[in-house]
Every structure is written in C-alpha cells, then in structure tokens.
Amino acid sequence: MSEQNNFTKNLISERIQQVPRSFIRDILSVTNAPEIISFAGGLPNKKYFPVKEIQQCTIDVLANNGEAALQYSTTEGLPELREHISWYYKQQGLTISTDRILITTGSQQALDLIGKVFINKKDNVLLEEPSYLGAIQAFSMYQPKFTIVPLTNEGMDCEVLEEKLKSERIKLAYVVPNFQNPSGISYSEDCRKEVAELAIKNNLLMVEDDPYGAIRFTDNKYNSLYHYAPDHTILLGTFSKTVALGFRMGWIVAPNEEIYNRLVIAKQAADLHSDIFSQRIISTFLSKYDLNIHMKKIIEAYRNQSQVMTEAIKKYFPQDISYTKPEGGMFCWVTMPDGYSAMTLFNEAIKQKVAFVPGVPFYIGKKDINTFRLNFSCSSPTEIEEGVKRLEKAMQVCYHRIDI
Ligand code: PMP
C-alpha cells in the first residue's frame, strides 16, 4: 500500500468501514446499457411523473410565495404540507396530529435520523430477511448487531419473532409490511396484528416503513402496524413513489413528543430542514390536484406490468422455481431451489442482455443466495415478456446446484 493510501486509510472512521456499498448502484453501469432489458432498477416509471402539473405549481409558488420559498425555514417542515399528510392518513382511518409529523429529505433520511437517535454501538436491530438494502446501509453507520427474522408469504415469521424477542434485547425492529422491497411481500392482517401485539407485549419499538402502501392493486384494505400499536411505532412515508423522487421528500410520524423532539434535534444537526421550495411545490400540487386520481394511473399500469411478469414467469421458468405474486408495489421476488446461485445466473443473464438484482445484498452476512429481485415498473409489457424469456435462456446455461 502506498504511503498516500495508508494515510487516507488511517483517517477513515470505524463507522463507515462497517457500511456496505450499494450493490445495486454498483451494477447500474452494466444494467443500464441500452441493449439490456433491466429488471434491476428500483425506480418508479418516469412516464407517470406529473411534469406539467409540477411546472404549473412551481410557477404558482414563485408567484405567490417566492421569497418564503427561497428563505430558510423551520426544521419540522411546512405546516400546510404536514396538514396534507395528516389528511391523507385520515382517509385511511388514522388520526395523526400535524405536530407529530416531521418532514425529512426522503424516507432514506428518516432511517438515518432514527439510527442517530436510537442506535448505540452493538445495539440489536431486528430486520426482516430479506431486508431493504438502504436501511441496512443507514443503520450500519451506527454499528449495531443485526437480528434476523425470515419473511414468509404472510409477512414476518411471528414464531421466530417471538423467540428472538425472548432471547435477545432488541432496540428496534425495522419492517416494511406493504409490498416490501425487495420481496414484494405484503403482511396479512393476522400477521400485522400479531407483530403489533408482540411489540406491545415486549415493549418493542418498531419502524414501519411504508413507501409502497399507496400502490395497491387490489381493493383489499389492511391496517398499518401504527394502527394496532401507535405508541410503539414510528411510521415513515414518502412522496417518492407518488409524486416524484427528485424532490427527496418524505416524513416521519413519531409516536410521542419525546421521540419527535429528539428526531427534530437530529435533523437540525443534519441539514436544518428539508428543501422548502420543494415542500411548497408538493403542497401546492396536493391542493390543486387529486393525488388519488394521479395514483389510479400508476396503479393500473403497474398492476398490468406485474401480471405480465408473473404470467411470463409461470410460462417460461422451470417448475421448481417459486415467486411472489405482488398485490402492489414494484417488485417480484424469485426463489430458485436451495443451493442455486443467483450471482451465477446474473453473470449469464447479462450475456443474454437481461438484468436483475441477485438477492445477496438484501441479506446480512451471506456471500450468495438462491433468490433474486425483479422490478416490473420500468419495463413495457413487451419488454417484460422478452426479458423473462431471456432469463429463461440464461437459466438453461446455469440452472443447477452449486455450493454457495
Ligand atoms: N424504504 C424503502 C423500503 C424503499 O424501497 C425506499 C426507496 N428505494 C426508501 C425507503 C427510500 O425512499 P426515499 O426516496 O423516500 O428516500
């Protein structure tokens, strides 16, 4: 190692050395090549970004509140925007006061602030397996130990959860009950109730991350964990999958004043407040347009894309492969038989000009695994069918058991 490299290495904090790079971002240069059909991304479809409406709202904000939009603002966030969020929860039967809502720079920042406020080195953080990579990254900054509870098709495995709560002191649990990233799994109502009851019984703090709840393909209604255990749940939301990601606008609902105030302090230290110009634009958008009508277009498109994907998988993939049939969100999760390698399949798939995300970055401490994530929101039905066919071709080459 050169002297210069050694000098830099000695400066790097222990904290950052624990944090994995985002595998998904690392493979973007390969998966984004124009000849590749990519199921690797995790993005909403740009076709449904409300560009014209946002253009109009931006003009309105500058005309009506231009100076305030360009000035510093409060850490908690724009009161009108927090009222919109509170109203939106009311439509779902949740009463949430605006003074419990903190606007954040995407829900990704919410995860970081939660890490800052709650996690001491070696604290136990409980995760679903598989879990959202961005949460693993954000929490890893605070050097916790991770405790893992597997997901079943019904949601978290409650027997394992109960066991873990008995045997370990868990500081907080991070869960995504609606159309989880990466698995697309949505918790059944019984599972939601049981997880919430276990949290109350064991005095467990839960972080309920809900970026995909508004993209539900069916009319079935499910309650949030917050509904069942409001005193034990920090609820996260975002405008990334409904209005637009570029604004980086999300929020935290805190279960009590003490937690709210601590999160506000953490946010002050991090960035004073989230971009107030964007907050005003989103708030104007929500006043002028009906978000539910906007969401209907997105839901219809993603529902169709997800159906095309699952039907193509059924038609082309080997019989012993299992896959989730998403009732919402943007992802389908595929499981090959035990001992099969999604990494090997990935390398062959790239040769066949199709991409996905191998499951491994969504697990703690694994080198390879037999699962992978497919995103359906960004490909047309024709591309989806063709991409699944290409994947099947890749499987013909390397669909066999290897030691992983
Ligand atoms: N949580 C989950 C489960 C996600 O999938 C994402 C987006 N990939 C985020 C949080 C971060 O979203 P935001 O754009 O609001 O930061």
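What you see below is based on every heavy atom in this structure, not just the backbone, and it leaves out hydrogens, waters and symmetry mates. Counting convention: from 1, in listed order, for ligands and their atoms alike.
- Salt bridge annotation for R262-E258: present, with a cationic side-chain nitrogen under 4.0 angstrom from a carboxylate oxygen.
- For ligand 1, the 4.0 Å heavy-atom shell contains residues G106, S107, Q108, Y132, Y174, N181, D209, P211, Y212, T238, S240, K241, R248.
- Ion pairing of K121 with E14 is present here, as a side-chain N (NZ or NE/NH1/NH2) and a carboxylate O approach within less than 4.0 Å.
- Atom CZ in F285 sits 9.0 Å away from atom CZ in F247 (nearest 0.5 Å).
- With sequence neighbours left out, the side chain to side chain donor-acceptor pair (under 3.5 Å) criterion links S287 to H84.
- Salt bridge status for K314 with E311: absent, with no side-chain N to carboxylate O gap under 4.0 Å.
- Electrostatic pairing of R390 and E386 counts as a salt bridge here, judged by a charged N lying under 4.0 Å from a carboxylate O.
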